[in-house]
There are 2 protein chains.
Amino acid sequence: MAETDQALPPSDQLAAMNLTDTVEKHAFSDRVLIRSIVGRPDGGAGLAGQRVRAGGWVKTGREQGKGTFAFLELNDGSCPANLQVIVDAGLAVLSKLVATGTCVVVDGILKVPPEGTRQKIELRVEKVVSVGEVDPAKYPIPKTKLTLEFLRDHLHLRARTNTIAAIARIRNALAFATHSFFQEHNFLYVHTPILTTSDCEGAGEMFQVTTLISESEKLEKELIKNPPPSEVDIEAARQVVSERGEAVKQLKAAKASKSEITASVAELNKAKENLSKLEERSKLKPGIPKKDGKIDYTQDFFARQAFLTVSGQLQVETYACAVSNVYTFGPTFRAEHSHTSRHLAEFWMVEPEIAFADLQDDMNCAEAYVKYMCNWLLDKCLDDMLFMAKSYDKGCIDRLRMVASVPFVRISYTEAVELLEEAVRGGKKFENEVKWGIDLASEHERYLTEVKFQKPLIVYNYPKGIKAFYMRLNDDLKTVAAMDVLVPKVGELIGGSQREERYEVIRERILEVGLPLEPYEWYLDLRRYGTVKHCGFGLGFERMILFATGIENIRDVIPFPRYPGRADL
Amino acid sequence: MAETDQALPPSDQLAAMNLTDTVEKHAFSDRVLIRSIVGRPDGGAGLAGQRVRAGGWVKTGREQGKGTFAFLELNDGSCPANLQVIVDAGLAVLSKLVATGTCVVVDGILKVPPEGTRQKIELRVEKVVSVGEVDPAKYPIPKTKLTLEFLRDHLHLRARTNTIAAIARIRNALAFATHSFFQEHNFLYVHTPILTTSDCEGAGEMFQVTTLISESEKLEKELIKNPPPSEVDIEAARQVVSERGEAVKQLKAAKASKSEITASVAELNKAKENLSKLEERSKLKPGIPKKDGKIDYTQDFFARQAFLTVSGQLQVETYACAVSNVYTFGPTFRAEHSHTSRHLAEFWMVEPEIAFADLQDDMNCAEAYVKYMCNWLLDKCLDDMLFMAKSYDKGCIDRLRMVASVPFVRISYTEAVELLEEAVRGGKKFENEVKWGIDLASEHERYLTEVKFQKPLIVYNYPKGIKAFYMRLNDDLKTVAAMDVLVPKVGELIGGSQREERYEVIRERILEVGLPLEPYEWYLDLRRYGTVKHCGFGLGFERMILFATGIENIRDVIPFPRYPGRADL
């Protein structure tokens, strides 16, 4: 197989290009992508007469014509559409091809099917190259209609379903859109650490990362196999040392030969070494090492307590305060026992940070980024979005169009509270209290964006009491330069702020919220030395996918969901 | 500040475009990027006369003309070059501007400097907008020449140095090149899990992730504040229950009123509830929960032992066996006590996985990917590469050019061993034994790529005994379809293989290497149902940066290095 640099164009670009009548080859495989056939604007009709090798998994298959041939709907994950494949009985045992989930690779010739059929092209097989069989009686996901909840118990196979594959393509598109947006705008992608010894906001349940338990278990096993010396053993070894010492002394006193003395001293040293080894081993105790009644973290891998990050923001600020425009896009963790459809223990966050920029710039960036992602999906994933609209949320495409086109409403927190109070006076019932100084609940946010404005909305200038210490104190001394982007369907999508760049002010704020200064000295250094106005925000990546697709449960939009009690695979 | 969608073009594109004589505005800030001035092919000369706002950190500054003006070399991280800025004494206290690390934002007019100077353009300041001062006596990194080792103790400030900023831009470019390459070739980016309950290769030291320690510490504190009930307390509560039960019985026997009985039953229930609470609390024990002498992981967050991933390969295979072409790019972890310049506890890996593809395809993909990255750096980061060549490794640009252009040599492991044995016979000394069946050591790999071929090299078909169980067994039954890509400077850059897709064979291999089947049942399912020929590889992302830049220590090419004893920030 010769190497080739030919890339297949994304299906959306096929519309713009001149359609050729040869199928583009896959760069690193001898088969073609099914999308390069059925994803064409002509549905593949222009390729009639071409010989191709195709591979994929059977979505549905059936024997026809009294078993003389079989129809297979073949999908390789490159697009939602299947390739219709027709295999004659002489080429294979048809019953082994038709089960859902069977993998087949076939060589054949593309033909225009008889008029009146849905397909624009079909593949008449000339050779069955290989088959990965399925026993339908045992296959865990034999049917095409399975609930998302059921599929969560079969993470390793669920990407073979139409829904999870479509979500995978949409997730992929949004990830690349994210990188493209920030790269186009001259942001540097910075990998902030996953393992951290800083707790970003002094809050939040964190996962601890340690080698102490495994080390202690290793030691325990070792001590069972090879028990530590008893006091008697040690006393005996001490005795040997003292005897050997005596022997050396006597030889010296007796002016024995040099070689005799050397040999005797060597014996003594061996005995001493043995004793010190025994003494060392006698100190070994099973269990996690402790000091003064507390776990001795100086013996942990990083010589201190370490956690999984809850946000890369504080760390990425060190780069913003050096190279201006940066973003991080990586996994973050919360050890919260939340069993809701909106929380995960492991989720992905996008966190840009912009130097020489204020809250207005922050809002501009957030709005431009969200619009960019919406346009990207409309441009590049319309086939998958049509599938989501048909199967899950008929309004999802209109929602993307709306968010991509209308300017986001911007109101202050104080205005937001007034509007909510007005709604309450008008008879609207909320479960949570509406009052200046209390954070907006999800129901308030969704009322504002879905009912009141029916548009994306940015709420800014929140009371300082409900926001983090690093947010810039406004001149009113009551609010901070924070902002949340709210969108229909999910409510809060983005939270951000201008950061407090004034050393004295942020120092005061850390103390005010009851945090110790010492762990934040490095963060304070950014304000001590060459401080700069800067801002940033965080977007929960899975929330963006929920917003785009209309899927209800966050566990279905990440390939391997982690939540209390579950971390399959 | 109005929103704008204008993106600044990367400097390399400026050459190709018509140079305009207006400076492009930053999309989300009121200043311009310094790169948009000095990064132009004309060095900014064409912009003379333009009024701009610039911001950055002072690299070097000096007062001149007996304190009547100051020269500042300003850098904002957008490119290696500085903007020369001239400030008159009337505009600011000059002594507060000149210290290295000072942040200044200035408005001014771009002028062509007097002939004979190095700069093509300089900024004559009209207004000093803001200053973030630095006390040079306290600033931890006041000098421009500091060792990389010293900088590792100042992670939060080191991105302000030329070297670390250049590495950040190169790292960013390689990350985006990675996404661009795989997206162009129709691979889907899949986020494999960081938290895992699978151990990829049954080997490797893993970090454990747990909430048991923090939960037990929380409980301990709680029990000190609020001690568990004593046996006496519980007995007393039991007594109350029995008395109340008696009371109910008596009322019923006495045919008391319904309301009297109801009230009495309520009292009884309250007593019962109190007793059960006390009994529950009496079971609470400080310390990590145990069962049968072992830690009871059913009480941990995920109800079982969880670890940080060492590779996303096995998980990403579930997507390859569903949507064909996928890749993962994320952090991976090893809890090894390695103190070398080549190991980190947290590092990033790129792992593509290709269905319907074999070892040849795998090698083709690996070679194309590495070449693509080399070309990307030559195209988009030449200024940073020139800096690295000047400061660290004069051969680094030639190395990129060579790897980008020459076909990779491909030899089997058996041939590699023969060549090494030949070298030994010719007098070459290796520390490690050369013998068929033993893994190649780093010195062997570097000899082959740096001395013998002086080219990138792919070694394939390794003895099965030294490779993982999931690699496809060759027909000789002695070797597996594995391959390593070796490059000058770092040796092994990529390791990959065709995966064993035959159910019976892989099952046998798991048992042969002494692993239990149960944890791999999901992995075996991929072979049981609709199995497909597939392959993949892993590239250590930091190794690629070492290869590109010539930097010697891996701790300097990741923003926040984690290694034994250290996880700063």
Side-chain angles (χ1 to χ4, degrees), chain A residues 1 3 7-8 27-29 31 55 57 76-77 101-103 132 134 139 156 159-160 165 172 175-176 179 183-186 188-189 193-195 197-198 207-209 211 213 302-303 306 315 318-319 322-324 331 335 346 356-357 360-361 364-365 522 529-532 560 562 565 567 569, chain B residues 1 3 7-8 27-29 31 55 57 76-77 101-103 132 134 139 156 159-160 165 172 175-176 179 183-186 188-189 193-195 197 207-209 211 213 302-303 306 315 318-319 322-324 331 335 346 354 356-357 360-361 364-365 522 529-532 560 562 565 567 569:
Chain A
M1 222 164 302
E3 193 200 341
L8 286 170
F28 311 117
S29 171
R31 51 126 202 170
W57 289 266
D76 66 0
T102 303
C103 183
V134 158
Y139 192 44
H156 63 302
R160 296 189 186 179
N172 168 72
F176 194 55
H179 285 297
Q183 295 291 327
E184 278 174 24
H185 290 88
N186 295 286
L188 296 181
Y189 180 30
I194 309 305
L195 291 165
T197 50
S198 309
F207 284 104
Q208 187 172 354
V209 177
T211 54
I213 295 177
F302 297 110
Q315 287 94 342
T318 68
Y319 269 70
V323 293
S324 307
E346 172 177 330
F356 307 103
Q360 289 299 319
D361 299 313
N364 292 343
C365 183
W522 64 267
Y529 307 118
T531 192
V532 64
F560 302 91
R562 272 79 183 96
L569 275 61
Chain B
M1 222 164 301
E3 192 201 339
L8 287 168
F28 312 117
S29 170
R31 52 129 200 165
W57 289 267
D76 66 358
T102 305
C103 183
V134 157
Y139 191 45
H156 62 303
R160 295 188 185 181
N172 168 71
F176 193 55
H179 285 297
Q183 295 291 327
E184 279 174 23
H185 290 87
N186 295 286
L188 296 181
Y189 181 30
I194 309 306
L195 293 165
T197 49
F207 285 106
Q208 187 172 354
V209 177
T211 54
I213 294 176
F302 296 111
Q315 287 93 345
T318 69
Y319 269 70
V323 294
S324 307
E346 172 178 329
I354 323 173
F356 306 103
Q360 290 299 320
D361 299 314
N364 292 343
C365 182
W522 64 266
Y529 308 117
T531 192
V532 64
F560 302 92
R562 271 82 184 94
L569 275 61

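Sequence lines set the chain letters: A, B, ... in the order given, protein chains first and strands last, and positions in each chain run from 1. We use all heavy atoms of the structure for the numbers below, so side chains are in, but hydrogens, waters and symmetry mates are not.
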Looking at [options], which makes the most heavy-atom pairs under 4.5 Å with chain B?
options	value
A/T318, A/L188, A/I213, A/N172	A/N172
A/A303, A/A159, A/A175	A/A159
A/V134, A/D76, A/T102	A/D76
A/T531, A/V532, A/V323	A/V323

* To do: Would you indicate whether the side-chain heavy atoms of A/W57 and B/Y529 approach each other to under 4.5 Å?
  =>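 No - every pair of side-chain heavy atoms lies 4.5 Å or more apart.
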Smallest separation among heavy atoms of [X] and [Y], with atom names:
X	Y	result
B/G530	A/R160	O-NH2, 4.0 Å
A/W522	B/H156	O-CD2, 3.2 Å
A/H185	B/A27	CD2-CB, 3.5 Å

[X], part contacting chain A, at a heavy-atom distance under 4.5 Å:
X	value
B/L569	both
B/R31	side chain
B/A335	both
B/P331	side chain

* Nearest 0.5 Å, what's the CZ-CD distance between A/F560 and B/Q315? ->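 A/F560 atom CZ to B/Q315 atom CD measures 5.5 Å (nearest 0.5 Å).
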* To do: Would you please name every residue forming a ring-ring contact (aromatic ring centres under 6.0 Å, His included) with B/F207, sequence neighbours left out?
  =>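 Listed in chain order: A/F301, A/F302.
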Is the side chain of [X] donor-acceptor paired with the backbone N or O of [Y] at a distance under 3.5 Å, no angle test?
X	Y	answer
A/R562	B/L195	yes
B/Q183	A/F176	no
A/S324	B/G77	no
B/E346	A/I194	yes

* To do: Using the test side-chain hydrogen bond (donor to acceptor under 3.5 Å, both in side chains), find all partners of B/Q208 that sit at least two apart in sequence or belong to another chain.
  =>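 side-chain hydrogen bond (donor to acceptor under 3.5 Å, both in side chains) list for B/Q208, sorted by chain: B/Y297.
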* Flag the one option from B/A357, B/P193, B/G132 with the top tally of heavy-atom pairs under 4.5 Å to chain A. =>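 Of the candidates given, the most pairs with chain A belong to B/P193.
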* To do: Would you mind checking which part of A/A306 comes under 4.5 Å of any heavy atom in chain B, side chain (CB onward), backbone (N, CA, C, O), both or neither?
  =>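 Looking at A/A306, nothing touches chain B.
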